[in-house]
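One-based numbering, in listed order, for ligands and for the atoms of each. The figures here come from the full heavy-atom set of this structure, side chains too, leaving out hydrogens, waters and symmetry mates.
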Amino acid sequence: MTGHRIDVGGAACPRANIDGMSETTSLPGGTWPLGDLTVTRFGYGAMQLAGPGVMGPPADHDGALAVLREAAGLGITHVDTAGAYGPRVTNQLIRQALHPYPESLHIVTKVGAVRDQQGGWPPARQPKDLRRAVRENLDDLGLESLDVVNLRLGDAQGPRPGSLAEPFETLAELQRQGLIRHLGVSNATAEQVAEAQAIAPIVCVQNMYNLAYRRDDELIDDLAGKGVAYVPFFPLGGFTPLQSTALSAVAARLDATPMSVALAWLLRRSPNILLIAGTSSVAHLRENVAGAGLPLSDEDLAELDKIGHHQG
Ligand SMILES: NC(=O)c1ccc[n+]([C@@H]2O[C@H](COP(=O)([O-])OP(=O)(O)OC[C@H]3O[C@@H](n4cnc5c(N)ncnc54)[C@H](OP(=O)(O)O)[C@@H]3O)[C@@H](O)[C@H]2O)c1
């Protein structure tokens with residue numbers, strides 16, 4: 001990537017990828033391998049760039065492009081998106097802002113849900129739905145092959161039990177055809193993660209997790225042992241920002257924002273956690289990059305740990 005780099009306060013953090021190559025980033029957290037691709041652990045989630053309710057175009061089109069270009073300029077090499085955002089809006093913004101993509105930039109997308117007239121997210125996991133979704137993602141992003149595709153399971157209320165064999169085998173077939181490089185799952189139960197791994201290798205799991213919502217603690221540790229990334233969505237609480245007296249107390253003590261503490265805690269929680277905090281603001285993006293590098297003491301961690309341990 002050739003864009004400008006800004007000193008955001010993170011120490012240079014080299015981390016070996018699985019091929020033994022290493023990359024250096026000034027972003028907090030260093031890098032992590034998604035299969036043969038290396039990404040910065042500090043990524044960017046593009047969902048907030050679409051219009052209200054993640055439907056339609058952004059109110060500030062140029063502002064949305066500026067956020068994406070700022071992310072790339074800061075050295076972020078992991079952008080999370082989905083065809084369902086807008087729908088198709090965030091993918092087209094990413095293409096407009098960043099295409100032709102720097103070789104180091106990796107876009108992770110999701111298939112398995114569409115949008116209805118009411119702004120709902122109905123599942124669309126029939127083989128024909130998934131083939132169409134992959135084709136649309138390729139067209140909208142201007143790519144011949146997608147770096148990582150997550151199969152989104154469950155519904156807006158969270159993961160639901162049940163076999164993922166048919167849809168995941170469809171994606172594995174598209175991977176064999178060269179349209180997808182790596183696979184992942186999202187909004188998945190631990191059983192579904194294991195079922196997917198028995199069908200084809202996965203490089204990431206993207207589920208809801210943050211300081212206050214910690215249902216996946218065991219799964220995170222299990223995936224860390226297997227070298228698989230865990231990518232929490234709603235790392236800052238999503239549409240309802242994280243609020244906690246303990247979080248505010250630690251933030252006040254450190255003269256930091258609760259958002260910074262929440263991101264720094266996630267990076268400390270496990271080395272396989274990748275951040276995809278969302279924002280539609282360049283200022284917030286810069287703040288988050290700087291904040292995620294906040295050093296947390298053992299005392300801070302102990303206090304924060306009490307907030308949502310093994311809840312759910
Ligand atoms: N797999 C799935 O089912 C699924 C579901 C949801 C999301 N996702 C992915 O996860 C990513 C992250 O989720 P998310 O964006 O919904 O939630 P989030 O990262 O937890 O929070 C985003 C919210 O926090 C605000 N924010 C960010 N930085 C801030 C700061 N420094 N100060 C104050 N407010 C700040 C944003 O508002 P501003 O715009 O004003 O900054 C936005 O409202 C999404 O972009 C998407 O890619 C995946």
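Around atom 2 (C) of ligand 1, the closest heavy atom drawn from Phe239, Trp121, Phe233, Phe234 belongs to Phe233.
Residue contacts with ligand 1, taken as heavy atom pairs separated by less than 4.0 Å, involve Ala46 solely via the backbone atoms N, CA, C and O. Residue Met47 touches ligand 1 through backbone and side chain together, judged by heavy-atom distances below 4.0 Å. Using a 4.0 Å cut-off between heavy atoms, Leu285 makes no contact with ligand 1 at all. Neither the backbone nor the side chain of Asn187 has a heavy atom within less than 4.0 Å of ligand 1. For Ser186, every heavy-atom contact with ligand 1 shorter than 4.0 Å involves the side chain, none the backbone. For Lys110, every heavy-atom contact with ligand 1 shorter than 4.0 Å involves the side chain, none the backbone.
Other residues, nucleotides and ligands place more than 12 heavy atoms under 6.0 Å from the CG atom of Asp116.
In this structure, Tyr44 falls outside the shell of residues with a heavy atom less than 4.0 angstrom from ligand 1. Look at Pro241 and you'll find every heavy atom at least 4.0 Å from all atoms of ligand 1.
Taking a cutoff of 4.0 Å between a charged side-chain nitrogen and a carboxylate oxygen, Arg269 and Asp305 do not qualify as a salt bridge. For the pair Asp222 and Lys226, the salt-bridge criterion is met [side-chain N within less than 4.0 Å of a carboxylate O]. The existence of a salt bridge linking Asp139 and Arg88 is excluded, since no basic side-chain nitrogen approaches an acidic carboxylate oxygen closer than 4.0 Å.
Per-residue contacts place Gln206 under 4.0 angstrom from the following atoms of ligand 1 (heavy atoms of the residue considered): 1 (N), 2 (C), 4 (C), 8 (N), 9 (C), 48 (C). In the vicinity of Asp80, heavy-atom distances shorter than 4.0 Å reach the ligand 1 atoms 9 (C), 46 (C), 47 (O). Remark: ligand 1 atoms within the under-4.0 Å shell around heavy atoms of Gly237 are 20 (O). In the vicinity of Arg152, heavy-atom distances shorter than 4.0 Å reach the ligand 1 atoms 2 (C), 3 (O). Remark: ligand 1 atoms within the under-4.0 Å shell around heavy atoms of Ser280 are 38 (P), 39 (O), 41 (O). Distances below 4.0 Å separate heavy atoms of Gly238 from the following atoms of ligand 1: 17 (O), 18 (P), 20 (O), 21 (O), 23 (C).
You'll find the side chain of Leu146 stays beyond 4.5 Å of the side chain of Ile107, heavy atoms only.
Among the atoms of Gly278, some N or O lies under 3.5 angstrom from an N or O of ligand 1. Considering backbone and side-chain atoms alike, Thr279 places an N or O below 3.5 Å from some N or O of ligand 1.
Side-chain rings of Tyr209 and Tyr230 approach one another, their centers coming within less than 6.0 Å.
Within the model, atoms CG of Leu164 and CD of Glu191 stand 11.0 Å from one another, a figure rounded to the nearest 0.5 Å.
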